[in-house]
Amino acid sequence: MSHFTSFVSRRQFCALVCLGLAVAGLQATAATPGVQRSVFGRTPEGVEVEAYTLTNKQGASAKIITYGAIVADLRMPDRKGELGPVVREIAVSEQGFQKGFAQSAAVFGRVANRIAGAKFTLDGREYAVTANAGKHHIHGGKMNFSRVVWKAAPPRSGGQPAVELSYRSPDGEEGFPGNLTALITYTLTDDNVLRIDYRATTDKPTPINLTNHAFFNLAGSGDVLDLQLTLAADRYTAADADLIPSGKLEPVRGTPLDFTSAQPLGARVDKLGGSKRYDNNFVLNRAAGATGLAFAARAHEPRTGRTMEVWTTEPGVQLFTSLLHAEGAKDRFGFFCLETQHFPDSVNHPEFPNTILRPGETFRSTTEFRFSAK
């Protein structure tokens, strides 16, 4: 027996060792709730990109970087209580800073989704915006909100972990009129909800349609063929081969787009045509004039037990998926996106919900991603 154990009984010694191991384990796994700032990296121009890691009392975390207002990492518990990634984790890279981080949970704007012919008429004047999807405009142009460095406000003390980001889009950027100031607040609540609040003001009339383009995989890897998806949408916006809406709202019933009851994402892959993926805008079942949060979607991953519900103030959601024909690819990162937003090409469809923001008004939009597991 050692010199130390000569002063304590063998049982006491074992108890102390076990206590030490338990404390060490707690130190290794326990997370401190709050907001932690770090440096993510620097752009080729030398601009510092910050990272803000939000951690709640359950240990779930969301890392937000100022480049693209990206959710660079999001970790939620599974049915065993083990934390794991639910979006593709983003690592610093020169290519990412130069060309944008592929498959990242970035914010797109000034106008997410498509504008037909890369032009629109507003108050009698025609505007031409960047054509970056063939002859059409998509997601705000080549240097859209996902490729700029946002400014972070100091984290608030008290309350839920949160960070506020701002970006001033100058008049004429990508062809859009008006100086637009956009604000985004990410909040991670103690009941595992990632809440995104969008606000914006302008000094000239301008279209706006902001969204977060998160690439979700609730298992963290592998395919998403077995993911059970429910959408609160009886209709979708019919579109042509370029995904430009015709203006008609068609029923989903009897089509592969019917997720009014839970369906595996890969169940109707043979009916999706050559694309083998979903890329469709759904019209959410919202009461006329409703402005508050409403249920939009539920995604359940059977292997981990993770469920994500989407609640939003937006009238539509774009479902976008990876190719749905690669079942069994072990290292494959399958994904699904649920982009809450106004309808594509709304600026050219007066029959669609309005996307024009005018001086003196404040654009407001909120989306919540609510996580649970069982």
Side-chain angles (χ1 to χ4, degrees), residues 107-122 127 129 131-141 144-145 174 176 182 196 198 200 205-214 229 231-253 255-260 275 277-297 310-321 336-358 361 363-367:
V107 169
F108 283 103
R110 179 175 307 192
V111 174
N113 220 307
R114 292 158 177 81
I115 296 178
K119 60 184 179 181
F120 59 90
T121 299
L122 177 56
Y127 292 89
V129 290
N132 60 326
K135 64 181 180 180
H136 308 297
H137 174 94
I138 189 172
H139 287 330
N144 58 70
F145 288 6
E174 300 293 326
F176 290 102
I196 310 176
Y198 306 86
T206 189
I208 185 169
N209 187 21
L210 302 180
T211 193
N212 185 291
H213 202 311
L229 180 67
L231 295 176
D234 295 330
R235 298 174 297 168
Y236 69 99
T237 52
D240 63 17
D242 290 338
L243 302 182
I244 300 298
S246 65
K248 295 181 179 180
L249 307 182
E250 301 286 357
V252 299
R253 187 171 184 175
T255 77
L257 306 183
D258 188 353
F259 289 96
T260 52
S275 67
R277 71 162 80 232
Y278 288 97
D279 194 359
N280 306 89
N281 176 69
F282 290 80
V283 179
L284 294 176
N285 299 335
R286 295 182 63 87
T291 58
L293 285 169
F295 172 73
V310 182
W311 290 67
T312 188
T313 59
E314 288 295 299
V317 62
Q318 185 90 8
L319 171 64
F320 178 60
T321 70
F336 67 100
C337 304
L338 292 169
E339 305 158 65
T340 56
Q341 58 189 282
H342 274 57
F343 306 161
D345 199 32
S346 286
V347 70
N348 289 312
H349 288 275
E351 71 274 22
F352 286 173
N354 177 53
T355 57
I356 303 302
L357 178 67
R358 296 185 178 276
E361 299 176 343
F363 168 83
R364 298 181 188 275
S365 175
T366 297
T367 292

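Side chains are part of it too, since the values below use all heavy atoms of this structure and drop only hydrogens, waters and symmetry mates. Note that the structure is predicted; figures quoted are calculated from it, not measured.
Checked against a 6.0 Å centroid threshold, the rings of F259 and Y278 count as neighbours.
Pairs of residues two or more places apart, or lying in two chains, never qualify as salt bridge (Lys or Arg N to Asp or Glu O under 4.0 Å) while including a residue from residues 236-250.
For F120, the ring pair (Phe, Tyr, Trp, His ring centres under 6.0 Å) test picks out Y127, with sequence neighbours left out. L357 is linked by a side chain to side chain contact (heavy atoms under 4.5 Å, CB included) to L180, A200, T202, I208, E361, F363, counting only residues two or more places apart in sequence or in another chain. Residues that satisfy the ring pair (Phe, Tyr, Trp, His ring centres under 6.0 Å) test with H342, not counting sequence neighbours, are absent from this structure. In this structure Y198 satisfies the ring pair (Phe, Tyr, Trp, His ring centres under 6.0 Å) test with no other residue, sequence neighbours excluded. Residues that satisfy the side chain to side chain contact (heavy atoms under 4.5 Å, CB included) test with R235, not counting sequence neighbours, are L249, V283. Under the side chain to side chain contact (heavy atoms under 4.5 Å, CB included) criterion, T313 pairs with L293, S365, T366, sequence neighbours left out. Residues passing the side-chain hydrogen bond (donor to acceptor under 3.5 Å, both in side chains) test with N113, sequence neighbours excluded: Q318, Q341. For T255, the side-chain hydrogen bond (donor to acceptor under 3.5 Å, both in side chains) criterion is met by no residue, not counting sequence neighbours. Residues satisfying the side chain to side chain contact (heavy atoms under 4.5 Å, CB included) criterion with A297, sequence neighbours excluded, are L231, V310, L338. Taking F145 as the reference, W150, Y167 meet the ring pair (Phe, Tyr, Trp, His ring centres under 6.0 Å) condition, with sequence neighbours excluded. By the side-chain hydrogen bond (donor to acceptor under 3.5 Å, both in side chains) test, N354 is found to be paired with no residue, residues two or more places apart in sequence or in another chain being considered.
The closest donor-acceptor contact from the side chain of N348 to the backbone of K119 lies under 3.5 Å. Without hydrogens or angle criteria, D345 side chain to A116 main chain gives a donor-acceptor distance under 3.5 Å. When atom types are taken as modelled, the side chain of D234 and the backbone of N285 share no donor-acceptor pair closer than 3.5 angstrom. In terms of modelled atom types and a separation under 3.5 Å, the side chain of S275 and the main chain of R277 share a donor-acceptor contact. Under a 3.5 Å cut-off, the side chain of H137 and the backbone N or O of R114 do not form any donor-acceptor pair. At distances below 3.5 Å, not a single donor-acceptor pair connects side-chain atoms of R110 with backbone N or O atoms of G140. A donor-acceptor distance shorter than 3.5 angstrom exists from the side chain of T211 to the backbone of T340, with no hydrogens or angles considered.
Defined by atom type and a distance below 3.5 Å, a donor-acceptor pair is missing between the side-chain atoms of T355 and N209.
The two residues A233 and V252 come nearest to each other via the heavy atoms O-CG2, 3.7 Å. C337 and A214 get closest at one heavy-atom pair: SG-O, 3.3 Å. Of all heavy-atom pairs between A296 and T312, the closest is CB-CG2, 4.0 Å. Shown here for P344 and T237, the closest heavy-atom pair between the two residues is CD-OG1, 4.3 Å. Of all the heavy atoms in L122 and P207, the pair that sits closest is CD2-CD, 4.4 Å. Nearest heavy-atom pair, R286 versus E314, reported as atom, atom and distance to 0.1 Å: CD-O, 3.3 Å.
Two residues are said to be in side-chain contact when any heavy atoms from C-beta on lie closer than 4.5 Å; L284 and V317 meet this criterion.
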What's the verdict on side-chain contact (heavy atoms from CB on, under 4.5 Å) for I115 and V347, showing C-alpha distance, side-chain angles and the deciding distance? CA-CA 7 Å; I115 296 178; V347 70; 4.1 Å; yes
Evaluate the criterion side-chain contact (heavy atoms from CB on, under 4.5 Å) for residue pair T367 and N212; output intermediate values, then yes/no. CA-CA 9 Å; T367 292; N212 185 291; over 6 Å; no
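Shown are L229, D279, N280; of these, the side chain to side chain contact (heavy atoms under 4.5 Å, CB included) with L319 is made only by L229.
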